[in-house]
Enquirer: 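Take this structure, written in structure tokens, and hold onto it; I'll ask about it next.
We use all heavy atoms of the structure for the numbers below, so side chains are in, but hydrogens, waters and symmetry mates are not. Here the structure is a predicted model, which means the values were calculated and not measured.
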There are 2 protein chains.
Amino acid sequence: MANNLPYAFTCQSIPCDTDAMTEFDPAPHATSDDRPADLRAGAFQGVREARRNELAEDYVELIAELIHDQGEARPVDIAARLGVKVPTVSKTLDRLAREGLITRAKYRSVFLTDDGRSLAKECRRRHEIVLRFLISLGLDPVTAERDAEGIEHHVSERTLALFSAFASRS
Amino acid sequence: MANNLPYAFTCQSIPCDTDAMTEFDPAPHATSDDRPADLRAGAFQGVREARRNELAEDYVELIAELIHDQGEARPVDIAARLGVKVPTVSKTLDRLAREGLITRAKYRSVFLTDDGRSLAKECRRRHEIVLRFLISLGLDPVTAERDAEGIEHHVSERTLALFSAFASRS
DNA sequence: GCACAAAGTTAGACATGGCTAACAATCTGC
DNA sequence: GCAGATTGTTAGCCATGTCTAACTTTGTGC
Ligand SMILES: [Mn+2]
Ligand SMILES: [Mn+2]
Ligand SMILES: [Mn+2]
Ligand SMILES: [Mn+2]
């Protein structure tokens, strides 16, 4: 139920928070704003879901790339490119194997399963679209690469379509 | 050191990975591609850093909003809007307090410190810019809100400037 | 002003993601 | 084909972020 009663502006023993928001929506909207609350929750749910997959996505994308460029994907190379230590990679690879995205044998390099390959392809597509879009907007390539690496995990298919169209058009 | 020797295309007992990449860069670039490796690592470092702050950013932004809209920020309302359980919020608030972004007394609602308020303001600004940009690109408001909630933590100041300019111009 | 409802805290489980240290396997160069 | 370098694994530490269950405090309605 959360807030139902004349809660808005209790401001009891509270330091009444002068300018928490500097300039917000100046109109003091009426009590009943529960609609946005649920909507927001939906958005945050989605973001949390995306966050759970980010790392796996970065891994499989990178593994596919290494296999393509180097012929194999070794933990030491994965670690170097991600900027983490090898044991961190080893542990994460165990999880990815458990989740069916890769296969691995002790002391050998890593392979993608069909699922892994398919996820990698999807990730690469998103990465490319976001990157091309940012560059076509006028961003320098280094910053574009950095931002794309984070943004790629949080763009809906709809946004991707708009990004793609914009990059082509411009 | 990573890959120095004639490593590329060992493809020993390896299933030689037919079409890991479907269509990549078709030109089989020479062995020495170590430049991009370090660049990539830098990008990933930055993303990991951003990931560490995402949750705190969402919290302070939401807390500022609640204080503005409702007069106070109660754990139960934070939880409802984030879509998580109250004890989760309680524990996270402890961390934010430890980090000096909020103050709180047992069983009372939450306040932002000066640092917290300043971070909240910065987050709100980013959120607004990203949201306005996505909408001006043609995205529907609900999807825009969802995507903005994730993207906002991964846009550089440069990108923000370009987003801002685009939204104004269009 | 008391009983009950609502909100908040604490404890503890479990998964993730980072690290270091110690050990094991593999590979390379003679 | 062996010594030494490189790579990989395992164990274990720590912080975070989620949850449920049990308990405490606060607030409400009569
Ligand atoms: Mn990424
Ligand atoms: Mn990527
Ligand atoms: Mn957010
Ligand atoms: Mn936000």
Enquirer: Could you check whether B:His127 and B:Glu65, counting side-chain N and O atoms only, form a donor-acceptor pair closer than 3.5 Å?
Expert: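 Side chains of B:Glu65 and B:His127: no pair found under 3.5 Å.
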Enquirer: Quick one: do the B:Glu149 and A:His154 side chains pair a donor with an acceptor below 3.5 Å?
Expert: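 The answer is no; no qualifying pair exists.
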Enquirer: Would you indicate, yes or no, if C:dG8 has its OP1 or OP2 atom less than 4.0 angstrom from a side-chain nitrogen or oxygen of B:Ser90?
Expert: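 It does not, given that no N or O in the side chain of B:Ser90 lies less than 4.0 Å from OP1 or OP2 of C:dG8.
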Enquirer: For B:Lys85 and C:dA7, what is the distance between atoms NZ and P respectively, to the nearest whole Å?
Expert: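 Distance, rounded to whole Å: 14 Å.
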Enquirer: Look at B:Lys106 and D:dT26 and indicate whether a side-chain polar atom (N or O) is within less than 4.0 Å of OP1 or OP2.
Expert: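 No, B:Lys106 has no side-chain N/O under 4.0 Å of OP1/OP2 on D:dT26.
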Enquirer: Toward the 5' end of DNA chain C, which comes first, A:Leu55 or B:Pro75, by nearest nucleotide?
Expert: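 The residue whose closest nucleotide sits nearer the 5' end is B:Pro75.
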Enquirer: Give a yes/no answer on whether the side chain of A:Arg108 brings an N or O atom under 4.0 Å of OP1 or OP2 in C:dC27.
Expert: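 A:Arg108 to C:dC27 OP1/OP2: side-chain N or O found under 4.0 Å.
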Enquirer: Quick one: label B:Arg52 by what it contacts on the DNA or RNA (base, sugar-phosphate, nothing), any heavy atom closer than 4.0 Å.
Expert: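 Contact class for B:Arg52: none.
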Enquirer: Closer than 4.0 Å, any side-chain N/O of A:Arg74 to the OP1 or OP2 of C:dA25?
Expert: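 Indeed not, no polar side-chain atom of A:Arg74 lies that close.
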Enquirer: Let me spell it out: for each of B:Glu99 and B:Val84, pick the nucleotide of DNA chain D with the closest heavy atom. Which residue's pick is nearer the 5' end?
Expert: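 Going by which nucleotide is closer to the 5' end, it is B:Glu99.
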Enquirer: Just N and O in the side chain of B:Arg95: are any of them under 4.0 Å from OP1 or OP2 of D:dT18?
Expert: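 It does not, given that no N or O in the side chain of B:Arg95 lies less than 4.0 Å from OP1 or OP2 of D:dT18.
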Enquirer: A:Phe163 vs A:Phe133 aromatic rings, parallel, tilted or perpendicular, using cut-offs 30° and 60°?
Expert: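 Parallel: the ring planes of A:Phe163 and A:Phe133 meet at under 30°.
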Enquirer: At 4.0 Å (heavy atoms only), tell me whether A:Arg51 reaches a base, stays on the sugar-phosphate, or touches nothing.
Expert: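 Counting heavy atoms under 4.0 Å across all strands, no contact is made by A:Arg51.
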Enquirer: To the nearest Å, how far apart are B:Asp94 CG and D:dA15 C1'?
Expert: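 So the CG-C1' distance, B:Asp94 to D:dA15, works out to 14 Å.
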Enquirer: What contact category does B:Val86 fall into here, base, sugar-phosphate, or nothing, at under 4.0 angstrom with non-hydrogen atoms?
Expert: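 The answer is base, as B:Val86 lies within the cut-off (heavy atoms under 4.0 Å) of a base atom.
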Enquirer: With a 3.5 Å cut-off and no angle check, do the side chains of B:His153 and B:Glu57 form a donor-acceptor pair?
Expert: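 Yes.
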Enquirer: In whole angstroms, how far is the C1' atom of C:dG17 from the CD1 atom of A:Ile78?
Expert: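 Going from CD1 in A:Ile78 over to C1' in C:dG17 covers 15 Å.
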Enquirer: Quick one: is A:Arg104 getting a side-chain N or O under 4.0 Å of the D:dT9 phosphate, OP1 or OP2?
Expert: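 For D:dT9, OP1/OP2 do have a side-chain N/O of A:Arg104 under 4.0 Å.
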Enquirer: Would you tell me whether A:Ser118 and A:Asp115 have side-chain atoms, one donor and one acceptor, within less than 3.5 Å of each other?
Expert: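 No - no donor-acceptor pair under 3.5 Å links their side chains.
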Enquirer: Counting only distance, no hydrogens or angles, is the base of C:dG18 paired donor-acceptor with the side chain of A:Lys91 under 3.5 Å?
Expert: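 Result: at least one qualifying N/O pair found.
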